[in-house]
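Working notes for the structure below.
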There are 2 protein chains.
Amino acid sequence: MTTDEKILKVAIDMIAKKGFKGATTKQIAEKAAVSEMTLFRHFPSKKKILEAAIDRYYYSFQMKELFEHKLIWNLEKDLLMIAETYHTIMKKNKNVIKIAIQEGHNVPGLLEQVNKHPRQLKELIEKYLEEMHKRNHIKDCDYELTAMNFLYMSYGLFISRSFVSGEIITSLSEEDVIKGSVQVFIDHLTPSEVNEKV
Amino acid sequence: MTTDEKILKVAIDMIAKKGFKGATTKQIAEKAAVSEMTLFRHFPSKKKILEAAIDRYYYSFQMKELFEHKLIWNLEKDLLMIAETYHTIMKKNKNVIKIAIQEGHNVPGLLEQVNKHPRQLKELIEKYLEEMHKRNHIKDCDYELTAMNFLYMSYGLFISRSFVSGEIITSLSEEDVIKGSVQVFIDHLTPSEVNEKV
DNA sequence: GGAGAGAGTTAGTGAGTACTAACAAACATA
DNA sequence: TATGTTTGTTAGTACTCACTAACTCTCTCC
């Protein structure tokens with residue numbers, strides 16, 4: 001690992017944990033096992049470290065490519081795959097999302113950046129539902145609204161467990177909650193006549 | 001408004017916005033229109049200000065009293081009432097919740113405190129669903145799981161709109177999203193035979 | 001009018017923090 | 001061996017921050 005990488009890795013972790021002000025350059029350098037001087041030789045300022053760290057550790061995905069070829073037009077399996085992929089993405093970007101919540105308004109463009117995935121995902125789910133309706137697999141409904149609610153459900157689970165010890169509220173496993181959430185939307189989307197087939 | 005109250009009000013707002021380290025005693029005093037000296041005459045330390053502010057501005061509700069007498073055993077109306085009350089509570093406690101996300105692990109007991117309402121609410125919804133099933137108004141299902149998913153949905157909406165400019169993802173109004181979320185759970189909970197009556 | 005309580009003012013302390021200057025040591029490459 | 005690059009070390013600057021001491025002002029209430 002290069003010196004740059006060592007510094008950025010420690011920085012993103014520490015800033016996510018303690019906030020921008022709370023994470024000092026001295027501590028970052030120490031934990032990265034470099035001298036503070038080296039840190040400032042690699043980055044001109046603490047602020048630039050944060051920007052570089054976000055740049056380095058925000059994993060951007062193209063939802064379209066990520067999902068489209070995986071859809072098999074089976075509501076349960078597709079929703080499950082979407083929810084699971086969503087959580088994988090969010091967990092990879094956990095640090096940046098935490099920073100976005102606490103420093104969002106001080107880092108220009110950050111909020112737009114972290115809202116990009118949800119927005120893309122919303123549109124993808126929306127289109128998916130439309131197509132599923134055309135194929136006569138689901139009822140007609142407000143697709144954007146349904147997509148948003150599916151996202152909110154996943155988002156709530158993610159935030160709760162990642163940032164506020166939400167796991168102490170229930171003993172249900174993340175996996176079970178996700179499966180349950182998919183079932184909720186299956187019931188919402190499936191026409192009642194077809195509902196019986198299970 | 002007393003001096004104490006002025007200080008605490010400004011403190012909770014500022015700390016929620018800028019973080020504990022980011023909000024300086026000088027700024028708090030200035031915005032509260034008192035001298036910094038006065039601030040330290042009223043509270044022995046900055047940390048104690050935060051604790052007093054949380055104490056003062058965390059509104060604790062007894063879910064049982066808040067809800068039970070309002071339930072009318074109509075799924076749609078009850079769920080809507082629950083969701084709306086939930087959002088009212090969360091918004092009242094918005095600052096404390098934000099602080100819990102960013103300083104949770106530095107303020108002993110804070111995470112437990114903000115998790116109390118969700119936990120109470122989970123149990124209340126759980127019992128409500130059980131009773132609704134007994135009354136033959138809804139299907140049998142995993143009530144805890146359903147309650148959690150209903151909460152996660154509300155929580156996701158709240159966090160998204162309150163802390164990360166989530167309103168830029170969709171143009172749907174909060175009210176519509178809430179109504180939509182209730183409909184999702186109605187479909188999930190209503191037996192298909194009865195589903196047709198609308 | 002006098003006393004006491006609460007607030008302002010001014011000036012300051014000591015610790016920490018981002019960031020710098022200058023020089024020496026280690027290392028790889030040619 | 002010579003050279004350039006990277007790093008460590010040490011010391012330091014300028015600033016900010018939480019918090020204090022000491023004194024004055026201004027009320028209120030008797």
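Every value quoted in this text rests on a predicted model; they were computed, and no experiment measured them. Here is how names work: the chains are called A, B, and so on, in the same order as the sequence lines, proteins then strands, and each is numbered from 1.
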Exercise for review: Would you mind classifying the nucleic acid contact of A:Thr24 as base, sugar-phosphate or nothing, using non-hydrogen atoms under 4.0 angstrom?
Suggested key: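 A:Thr24: backbone/sugar contact only, no base atoms under 4.0 Å.
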Practice item. Name the nucleic acid region contacted by A:Ala33, choosing base, sugar-phosphate or nothing; use a 4.0 angstrom heavy-atom cut-off, strictly under. Key: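 Touches sugar-phosphate only.
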For [X] and [N], give me the distance from atom [atom1] to atom [atom2], rounded to whole Å.
| X | N | atom1 | atom2 | answer |
| --- | --- | --- | --- | --- |
| B:Leu50 | D:dC19 | CG | P | 12 Å |
| B:Ile49 | D:dC17 | CD1 | P | 14 Å |
| B:Glu36 | D:dT16 | CD | P | 14 Å |
| A:Lys46 | C:dT17 | NZ | P | 9 Å |
| B:Ile28 | D:dC19 | CD1 | C1' | 14 Å |
| A:Arg41 | D:dT10 | CZ | P | 14 Å |
| B:Phe40 | C:dT13 | CZ | P | 18 Å |
| B:Glu30 | C:dT9 | CD | C1' | 15 Å |

When you check the phosphate oxygens OP1 and OP2 of [N], does a side-chain N or O of [X] lie under 4.0 Å from one of them?
| X | N | answer |
| --- | --- | --- |
| A:His42 | D:dT7 | yes |
| A:Lys26 | C:dT17 | no |
| A:Ser35 | D:dT7 | no |
| A:Thr38 | D:dT7 | no |

Given [options], which nucleotide is nearest the side-chain atoms of [X]?
| X | options | result |
| --- | --- | --- |
| A:Val34 | D:dG8, C:dA18, D:dA18 | D:dG8 |
| A:Ser45 | D:dA18, C:dC19, D:dG8 | C:dC19 |
| B:Lys21 | C:dT17, D:dA18, C:dA21 | C:dT17 |
| A:Met37 | D:dA18, D:dT9, D:dA22 | D:dT9 |

Check your understanding: Within 45° of the axis and under 6.0 Å from the centre of the six-membered ring of A:Phe20, does NZ or CZ of A:Lys46 qualify?
Key ->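 Yes, a cation-pi geometry.
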Exercise for review: Taking atom CD of A:Glu167 as the centre, report whether more than 12 heavy atoms of other residues, nucleotides or ligands fall under 6.0 Å from it.
Suggested key: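 Above 12, so yes.
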Review point. Would you call A:Lys70 and A:Glu65 a salt bridge, using N to O less than 4.0 angstrom?
Key: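 Salt bridge absent between A:Lys70 and A:Glu65.
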**Study point:** Salt bridge A:Lys139-B:Asp187, side-chain N to carboxylate O under 4.0 Å
**Key:**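 Here A:Lys139 pairs with B:Asp187 in a salt bridge, since their nearest N and O are under 4.0 Å apart.
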Review point. In terms of the angle between their ring planes, are B:Phe185 and B:Phe150 parallel, tilted or perpendicular, with boundaries placed at 30° and 60°?
Key: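 Perpendicular, since the angle between the ring planes exceeds 60°.
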**Study point:** Upstream residue (5' side of DNA chain C) when A:Pro44 and A:Gly22 are each assigned their closest nucleotide
**Key:**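 It is A:Gly22 whose nearest nucleotide is closer to the 5' end.
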